[in-house]
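We use all heavy atoms of the structure for the numbers below, so side chains are in, but hydrogens, waters and symmetry mates are not. The structure displayed is predicted, hence computed values, not measured ones. Proteins come first, then strands; the chains are lettered A, B, ... in the order of their sequence lines, and each starts at number 1.
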2 protein chains.
Amino acid sequence: MISETTNPPWTDEELSPIRDKVYFYIKDAILRGEFKAGDRLIERSLAQTLNISRTPVREALFRLESQRFVSTVPRKGVVVNEISRDEILEVFLILSSLESLAVRLAAQKIDAQTIAEFDREIETLERIQQNPEELGEQELHLEVNLRYNDLIGRASKNFRLHEMLVDLKDYVRAFSNMSKHTPGRALEALNEHLDILVAVRNGQADLAESYARVHIEKAKRAYVQSSVSEPEPGLENASGD
Amino acid sequence: MISETTNPPWTDEELSPIRDKVYFYIKDAILRGEFKAGDRLIERSLAQTLNISRTPVREALFRLESQRFVSTVPRKGVVVNEISRDEILEVFLILSSLESLAVRLAAQKIDAQTIAEFDREIETLERIQQNPEELGEQELHLEVNLRYNDLIGRASKNFRLHEMLVDLKDYVRAFSNMSKHTPGRALEALNEHLDILVAVRNGQADLAESYARVHIEKAKRAYVQSSVSEPEPGLENASGD
DNA sequence: TCGTTTTTTATGGTATACCATACTGAGCTA
DNA sequence: TAGCTCAGTATGGTATACCATAAAAAACGA
């Protein structure tokens, strides 16, 4: 009954703990580039902005820290991580290895029910493929990746692996605004995703794994290409917009 | 000057935040089996035990949660995770993939300085190999794994990968008291580690990767064997001992 | 004016207080 | 006696207060 708070960004008043909402709020802000590498995240400011206390903010920040989105300098504060190009490349290596494993497992373990889901989703993605203009580049990327990861994760029956992949991809996405720089990459990625999904759906483990490796490799190249025009993530040295 | 606290388990009074000390304290307790799967971790109790407030305890628990050691049930509390055999097997799959990648990278990227370190450490490990009785089974495992992981991590020049591997191995160790159940495994593992290290030291990437896969496979088998005698981790149904 | 010292302020670290909820158990009623 | 209700308690969630430190600013002296 009592409620004197001016509504924060999130909508539902009843469910999950505030710390989770703050977590998603901040993470989303980082992913969308609103908080840039090197930015300081000041507990009191965030708390005041969101009309809450520091406690849930701190808890959200800790969670972000263990996912490497931010760093806590003891007695100093929290800053959005500065990620070097080398570090992103390291992650791409890990991604390649784990994605290969995931699609291989998916192809090996896929069952009838999941095949049905694949068929539905593949059809949906093919429709998107035909009419890619309906979605913006960003939404296209997000939507496709979401569906793809979900499917592979479900089929591979390895929840931990799925989580790790999602985390790593979020991480890469946050610190390399790829699709912003290489237009057309989203659509290309969609094609690659479809290749992988079809191979998985047909139980072709080796083929799926090959496609996956190629896919990650191309994503990496797109990142490398985009990163040459912008010397260091977070620095605004680059000429032109 | 003021100091009315009865000393907590840790020794240094000055350095890192309390939350870190609590984190290592609880994690260590889980790794050593003091806190078993299913145990509830009650903030106030822990805080009282350690003569601190709930705040740093909560922060430590959140960190443990993001590493999957504990789960927070909303409005319910924190419990040490119950890990199923299947889940451990899932992690072994991931481990195999990442460990292969790590040793392959290590073999490819190793430099002169690191080779020198390898030579020193290999010699040390061979001495241990000759006189394994000097260390207990547990210490042997810990010591060897520590040195091994550190070397591979340094040589592979992929810090993120190194961290992930350490985390995953800790996780497996925490929820499968392997070495407790299969005596001799520690020494066997030492031999396998030495094989890998020598191959890496000599730049033999393929060989090192093969050894690594075999090593993880054997570790997995040791786990599976030990887990048949103890039906579910955390349940004390098993007869004997 | 410049450098050094002191004071202020910003901010994270920790402790504590209060609130909400879910569980527990006692007591009441049928 | 069985089942329900309600009060009490345990416990996590959040807010707030206080402390320590480091950075910034101001004041002071050479």
Side-chain angles (χ1 to χ4, degrees), chain A residues 1-26 35 38-66 69-81, chain B residues 1-26 30 35 38-66 68-81:
Chain A
M1 279 318 155
I2 36 93
S3 162
E4 63 205 54
T5 67
T6 61
N7 276 1
W10 46 81
T11 49
D12 74 278
E13 285 278 0
E14 322 294 335
L15 300 174
S16 63
I18 297 180
R19 60 165 176 274
D20 291 346
K21 301 168 183 169
V22 178
Y23 166 77
F24 288 115
Y25 168 77
I26 300 178
F35 291 149
D39 286 0
R40 273 184 84 180
L41 298 183
I42 293 164
E43 299 172 1
R44 281 179 171 82
S45 310
L46 286 168
Q48 196 173 352
T49 302
L50 301 174
N51 269 307
I52 57 177
S53 81
R54 286 171 56 206
T55 309
V57 174
R58 283 174 63 80
E59 295 171 349
L61 289 176
F62 286 130
R63 198 159 146 200
L64 287 166
E65 184 188 19
S66 53
F69 285 106
V70 303
S71 288
T72 301
V73 190
R75 298 250 152 227
K76 190 74 200 306
V78 175
V79 296
V80 179
N81 264 344
Chain B
M1 278 318 151
I2 37 93
S3 164
E4 64 206 53
T5 67
T6 60
N7 275 3
W10 46 81
T11 50
D12 75 277
E13 285 278 359
E14 322 294 335
L15 301 174
S16 62
I18 297 182
R19 60 164 175 276
D20 290 346
K21 301 168 183 168
V22 179
Y23 166 76
F24 288 115
Y25 169 77
I26 300 178
I30 296 177
F35 292 151
D39 285 1
R40 270 183 86 180
L41 298 183
I42 293 164
E43 298 173 1
R44 281 178 171 82
S45 309
L46 286 168
Q48 195 173 355
T49 302
L50 301 174
N51 269 308
I52 56 176
S53 80
R54 286 172 57 205
T55 310
V57 174
R58 284 174 63 80
E59 295 172 350
L61 289 176
F62 285 132
R63 198 157 146 201
L64 287 166
E65 184 188 20
S66 54
R68 330 278 161 191
F69 285 106
V70 303
S71 288
T72 301
V73 190
R75 299 249 153 228
K76 190 73 201 308
V78 175
V79 296
V80 179
N81 263 344

Pairing residues for Glu59(B) by the side-chain contact (heavy atoms from CB on, under 4.5 Å) criterion, not counting sequence neighbours: Arg58(A), Phe62(A), Arg19(B), Thr55(B)
All side-chain contact (heavy atoms from CB on, under 4.5 Å) counterparts of Asn81(A), not counting sequence neighbours: Arg68(A), Ser71(A), Ile83(A), Phe175(A)
Taking side chain as C-beta onward, heavy atoms only, is Ile26(B) less than 4.5 Å from Leu61(B)? yes
Residue pair Leu41(B) / Leu46(B), side-chain heavy-atom distance below 4.5 Å: yes
When all nucleic acid strands are considered with a 4.0 Å heavy-atom cut-off, which category describes Leu41(A): base, sugar-phosphate, or nothing? sugar-phosphate
Can you tell me how far [atom2] of [N] sits from [atom1] of [X], to the nearest Å?
X: Leu46(A); N: dT11(C); atom1: CG; atom2: C1'; answer: 13 Å
X: Gln48(A); N: dG12(C); atom1: CD; atom2: P; answer: 13 Å
X: Asp20(A); N: dG12(D); atom1: CG; atom2: P; answer: 16 Å
X: Glu43(B); N: dT11(D); atom1: CD; atom2: P; answer: 10 Å
X: Tyr23(B); N: dG13(C); atom1: OH; atom2: P; answer: 17 Å
X: Phe62(B); N: dT14(C); atom1: CZ; atom2: P; answer: 15 Å
X: Glu65(A); N: dG12(C); atom1: CD; atom2: C1'; answer: 13 Å
X: Glu59(B); N: dG12(D); atom1: CD; atom2: P; answer: 15 Å

What residues form a salt bridge (charged side-chain N to carboxylate O under 4.0 Å, His left out) with Asp39(A), not counting sequence neighbours? none
Below 3.5 Å is the cut-off: list the nitrogen or oxygen pairs between protein and nucleotides 15-17 of chain C, distance only.
residue	atom	partner	partner atom	Å
dA15(C)	OP2	Ser53(B)	N	2.9
dA15(C)	OP2	Ser53(B)	OG	2.9
dA15(C)	N7	Thr55(B)	OG1	2.7

With a 4.0 Å cutoff (strictly under), does any side-chain N or O of Arg58(B) reach OP1 or OP2 of dG12(D)? no
For Ser66(A), side chain to side chain donor-acceptor pair (under 3.5 Å) partners two or more places apart: Ser66(B)
